[in-house]
S.K.: 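Below is the structure I would like to discuss, written out as structure tokens.
Every number for a ligand or one of its atoms is a count from 1 in the order of the listing. Everything numeric here is computed off the predicted structure, so don't read it as measured data.
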Amino acid sequence: MERMRTVVRGVGHNLPSQVVTNFDLSKFMDTSDDWIVERTGIRERRFVEPGTTTTDLALPAIQMACSRAGVTPQDCDMIIGATLSPDFFFPGIGTVLQNKLGMAHVPALDVRAQCSGLIYGLATADAYIRAGFAKRILLVCSEVQSPILERTNRGRDMAVLFGDGAGALIVEAQACAGGEAPSAKNNVRGVIDSIMGSDGSGAQLLFLKAPGSVVPGFMTQAAIDAGDIHPKMDGRVVFKNAVTRMVEAASNLLERNGISPSELDLVLPHQANLRINEAVREKLGVSEDRVFNNIQKYGNTTAATIPICMSEATEQGKLKEGQLVMTLAFGAGFTWGCNLIRW
Ligand code: UT7
């Protein structure tokens, strides 16, 4: 069998039009623009109108990715969804999108890696493509999180952080000419390497408890009253773990591919907190102009942050074919990881 590589052919994104500023949130809870900007870097985020689902939000992002790749969803032979906020408790968004997009009866699966959704999704797509199981995969990362945020004083630590958004990638199998796979040392386009990790001892340090099988019948009035239907986090512990794990994963990825941080053209980190990304950047020794951030405008859109960054960086001429690019994320699970890509 011919050796295959995974090339990102097109990326798209979609954000709801409703802008919610820090000042808007301060009308519902004791918070301020100063606190949110100083602790997180976030100035505003986008919230969907009531009734918009996660797959609704994803459709324009998919359309944009397809048009940039010059393909249609029907040209894809697999769909991978990544979200923590699916339309239904089950099934995942993969099958819902398969139907909405009028795709053939292709395999559809969801990865549940939260903020690491793009990393896990791309690594999974790459593995399927290299194994010869798929030729063109639609990878969709979409989140509608605003309805699960508790916009009161009790929920203010989480409510100020998150937003809604979607991103999509078309990734395609291409033959490795002469058997030469993409590497940090050649100019062959494609996914070079990925690292993924997890530590379930942190599962309840960033999680949404109900609905879930730990709750009798998955949901009780007591769970609702206790606020278990809203996400909870131990922010300080998550912050420290995020910095440690992202630096560790990125360092391992660079080392095993024989490159120094200065050889990276662009780093696309998950957007959870500007201070986290700044700490990681400093520890890795990457210059400021090589890290793309947009958390200021959108907050944390969980699985969607990195594809939105990819799509915007493309539009701004910062992400270009041939560049050596690293993605990097940490999130609930805990999960973390990074991809190295010759764009
Ligand atoms: O995407 C998944 C991964 N997520 C992350 O990586 C997020 C990681 N964590 C963080 O980004 C930060 O820990 C936060 C931004 C969530 C919080 O920042 P912090 O500097 O760790 O603040 P803190 O939680 O230690 O809280 C400091 C103070 C507390 O008051 P006291 O105890 O010092 O009196 C909080 O009650 O700030 C208070 N506080 C707020 N004040 C105004 C918490 N939330 C708010 C708020 N507005 N929204």
S.K.: With L138, which of M103, Q98, M78 fulfils side-chain contact (heavy atoms from CB on, under 4.5 Å)?
M.R.: M103
S.K.: One line per pair, note the atom names and distance for all nitrogen or oxygen contacts under 3.5 Å between ligand 1 and the protein.
M.R.:
| unit_1 | atom_1 | unit_2 | atom_2 | d |
| --- | --- | --- | --- | --- |
| ligand 1 | 1 (O) | H270 | NE2 | 3.0 |
| ligand 1 | 1 (O) | N300 | ND2 | 2.7 |
| ligand 1 | 9 (N) | G235 | O | 3.0 |
| ligand 1 | 11 (O) | N273 | ND2 | 2.7 |
| ligand 1 | 13 (O) | G235 | O | 3.1 |
| ligand 1 | 20 (O) | R39 | NH1 | 2.8 |
| ligand 1 | 22 (O) | R39 | NH1 | 3.2 |
| ligand 1 | 25 (O) | R236 | NE | 2.4 |
| ligand 1 | 25 (O) | R236 | NH2 | 2.7 |
| ligand 1 | 36 (O) | R156 | NH2 | 3.1 |
| ligand 1 | 37 (O) | W35 | NE1 | 3.2 |
| ligand 1 | 41 (N) | W35 | NE1 | 3.3 |
| ligand 1 | 47 (N) | T31 | OG1 | 2.7 |
| ligand 1 | 48 (N) | T31 | OG1 | 3.2 |
| ligand 1 | 48 (N) | R156 | O | 3.2 |

S.K.: In sequence, state the C-alpha distance, the side-chain angles, and the governing distance for E315 and R68, and then conclude on salt bridge (charged side-chain N to carboxylate O under 4.0 Å, His left out).
M.R.: CA-CA 11 Å; E315 288 168 359; R68 287 175 174 167; 2.6 Å; yes
S.K.: So, the side chain of D265 versus the backbone of V325: is there a donor-acceptor pair under 3.5 Å, distance only?
M.R.: no
S.K.: Measure across D193 and R256 and return the closest heavy-atom pair with its distance rounded to 0.1 Å.
M.R.: OD2-NE, 2.7 Å
S.K.: Which of parallel (below 30°), tilted (30 to 60°) and perpendicular (above 60°) describes F218 and F89?
M.R.: perpendicular
S.K.: Can you name the closest pair of heavy atoms from D77 and K135 and give their distance?
M.R.: OD2-N, 2.7 Å
